[in-house]
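Residue numbers start from 1 in every chain, and the chains themselves are labelled A, B, ... in the order their sequence lines are given, proteins ahead of strands.
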Protein chains: 2
Amino acid sequence: MGRRQDLVDTALRLFYEHGIHAIGINQVLQEAGVAKQTLYNHFESKDSLVEAAVEHRDNLFFDWLEGRMNSQPAGREALMEMFDAVHDWFNNRVPTLHRFYGCFFINTCGEYSSPEHPVHKRCAAHKARVFELLKRHALEISTSETEAEELANALFLLKEGAIVKAHVEGDLDAALKAKAIASRMISPH
Amino acid sequence: MGRRQDLVDTALRLFYEHGIHAIGINQVLQEAGVAKQTLYNHFESKDSLVEAAVEHRDNLFFDWLEGRMNSQPAGREALMEMFDAVHDWFNNRVPTLHRFYGCFFINTCGEYSSPEHPVHKRCAAHKARVFELLKRHALEISTSETEAEELANALFLLKEGAIVKAHVEGDLDAALKAKAIASRMISPH
DNA sequence: TTAAAAATAGACCGACTTGTCTACTTCAAG
DNA sequence: CTTGAAGTAGACAAGTCGGTCTATTTTTAA
């Protein structure tokens with residue numbers, strides 16, 4: 001698998017569970033079973049490892065979500081599937097994403113507040129990517145670009161809200177409640 | 001004002017801006033202009049100071065939000081006012097809450113992931129408190145407890161989603177978009 | 001088989017971490 | 001005026017931080 005990927009995997013797991021500033025380089029090295037010099041052979045600093053971990057999580061999460069949504073007909077069904085997907089995530093039924101500790105990107109922006117910081121930007125880019133995925137499906141059931149944008153935005157807010165509620169309050173049904181609201185919004189008649 | 005409150009104020013400001021694990025005790029002491037022994041005279045550990053900071057933010061935020069909502073007639077107007085209030089927050093028009101760096105409680109739960117941790121529990125309690133405030137107003141325009149609960153939940157998710165979108169993506173209009181969606185949900189005709 | 005590349009363990013650096021301790025000063029109440 | 005509490009500055013402890021360096025071993029490829 002390669003030492004570099006071992007480092008990124010281990011770093012992501014520890015960063016996601018405990019936060020980034022709470023985890024030291026030495027702990028990552030020990031749990032990955034990799035020597036310190038090897039890390040600094042692949043990355044020029046801890047920050048550089050953090051960026052790699054964020055990028056890895058971006059691909060991991062996006063590919064998984066896109067895969068789940070693509071398993072359904074484009075449009076309404078795919079959008080509803082998103083809520084079922086995150087419901088599985090909240091309830092630890094998606095090993096790929098590790099145990100649920102909220103959204104790694106939201107958590108990370110809490111530690112890198114400045115919007116100018118490369119790590120923060122990388123997190124924003126992930127969210128934008130997911131939004132585009134929603135918008136693509138929203139277009140299938142909308143009569144205009146604007147309408148699609150508004151629908152995607154509403155579903156996006158509900159999803160983000162559900163993630164927060166599930167993590168902070170431990171509400172494991174947050175995704176299903178969000179889905180019920182979304183369902184009413186898409187076909188209210 | 002008292003040294004204890006100086007410490008809590010300074011700690012909250014630094015924790016909110018940079019995250020908790022990124023800020024050391026010595027930095028808090030220096031910026032507060034307080035001696036180290038004084039801190040350990042009032043608090044038994046850094047964690048204890050963290051709890052005090054979370055509690056302080058809870059009161060600061062809740063009192064502010066409740067005040068804003070109470071400035072409007074109970075029910076629909078008060079619920080809509082919530083979105084205007086957080087819109088002002090996002091755009092740094094609420095000095096009491098400091099510059100906007102997302103939700104301190106969401107950010108803090110990212111650093112204290114375990115739901116059993118006292119700090120995490122304190123954050124969850126804050127969210128529950130805000131939810132009850134919403135529910136109280138939702139009851140004014142609902143025909144049943146269940147309907148009020150569902151309405152409060154929907155508005156809560158939209159608000160949390162807007163906070164995340166505003167912080168991570170820098171979308172300063174997130175609150176207004178959430179308000180538009182909420183408005184359609186409350187009186188869809 | 002041999003030579004270069006990559007990985008290893010671990011010493012080492014200066015700075016910083018939370019927390020304790022001492023000695024001195026400020027200040028308010030009796 | 002005195003006594004005691006509260007605050008001060010700063011040394012100190014034991015450990016961790018990110019990062020560099022050396023010396024050795026393992027792996028890979030020609």
Side-chain angles (χ1 to χ4, degrees), chain A residues 1-57 104 107-114 116-120 122, chain B residues 1-56 107-108 110-114 117-120 122:
Chain A
M1 180 179 274
R3 315 278 190 236
R4 197 196 126 101
Q5 197 56 39
D6 286 344
L7 286 168
V8 173
D9 287 348
T10 305
L12 173 58
R13 177 171 56 81
L14 293 173
F15 291 162
Y16 181 36
E17 178 161 357
H18 303 286
I20 292 168
H21 290 114
I23 295 295
I25 280 299
N26 294 316
Q27 191 176 343
V28 174
L29 293 171
Q30 190 193 331
E31 298 212 15
V34 167
K36 187 174 276 196
Q37 186 54 39
T38 303
L39 186 153
Y40 286 99
N41 187 17
H42 289 289
F43 303 95
E44 67 172 5
S45 65
K46 180 188 179 181
D47 242 49
S48 159
L49 174 63
V50 170
E51 285 189 55
V54 171
E55 182 178 339
H56 183 49
R57 179 77 183 181
F104 180 60
N107 297 350
T108 297
C109 283
E111 297 199 67
Y112 295 87
S113 277
S114 166
E116 275 78 39
H117 196 290
V119 170
H120 189 121
R122 210 65 191 64
Chain B
M1 182 178 276
R3 313 279 190 238
R4 197 195 125 102
Q5 197 55 39
D6 286 345
L7 287 168
V8 173
D9 286 348
T10 305
L12 173 58
R13 177 172 56 82
L14 292 173
F15 291 162
Y16 181 38
E17 178 161 356
H18 302 286
I20 292 168
H21 289 114
I23 296 295
I25 280 300
N26 295 316
Q27 193 176 341
V28 175
L29 293 171
Q30 190 195 330
E31 299 213 13
V34 168
K36 188 174 277 196
Q37 187 54 40
T38 303
L39 186 152
Y40 285 100
N41 186 17
H42 288 290
F43 303 95
E44 67 172 4
S45 66
K46 180 187 180 182
D47 241 49
S48 157
L49 175 63
V50 170
E51 286 188 57
V54 171
E55 183 179 338
H56 183 50
N107 298 350
T108 298
E111 296 199 68
Y112 295 86
S113 277
S114 165
H117 196 290
V119 170
H120 189 121
R122 209 66 190 65

[X] side-chain proximity, nearest of [options]:
| X | options | answer |
| --- | --- | --- |
| B:Lys36 | D:dG19, C:dA7, C:dT20 | C:dT20 |
| A:Val34 | D:dT8, C:dG19, C:dT8 | C:dT8 |
| B:Tyr40 | C:dT18, C:dA6, D:dT20 | C:dT18 |
| B:Ala35 | D:dC21, D:dT8, D:dG18 | D:dT8 |

Self-check item: Where at least one partner belongs to residues 34-56 of chain A, residue pairs that pass ring-ring contact (aromatic ring centres under 6.0 Å, His included), sequence neighbours excluded
Solution: none
Under 4.0 Å from OP1 or OP2 of [N]: is there any side-chain N or O of [X] that close?
| X | N | result |
| --- | --- | --- |
| B:Asn26 | C:dC16 | no |
| B:Ser45 | C:dT18 | no |
| A:His42 | C:dA7 | yes |
| A:Thr38 | C:dA6 | no |

Quiz item: How many Å lie between CG on B:Asp47 and C1' on C:dT17, as a whole number?
Solution: 14 Å
Quiz item: Does a side chain donor of either B:Gln37 or B:Asn41 reach within less than 3.5 Å of an acceptor in the other side chain?
Solution: no
Name the atoms and distances for all side-chain donor-acceptor pairs under 3.5 Å in residues 21-34 of chain A, with sequence neighbours left out.
{"residue": "A:His21", "atom": "ND1", "partner": "A:Glu111", "partner atom": "OE1", "Å": "2.8"}
{"residue": "A:Asn26", "atom": "OD1", "partner": "A:Lys36", "partner atom": "NZ", "Å": "2.9"}
{"residue": "A:Glu31", "atom": "OE1", "partner": "A:Arg13", "partner atom": "NH1", "Å": "3.4"}
{"residue": "A:Glu31", "atom": "OE1", "partner": "A:Arg13", "partner atom": "NH2", "Å": "3.1"}

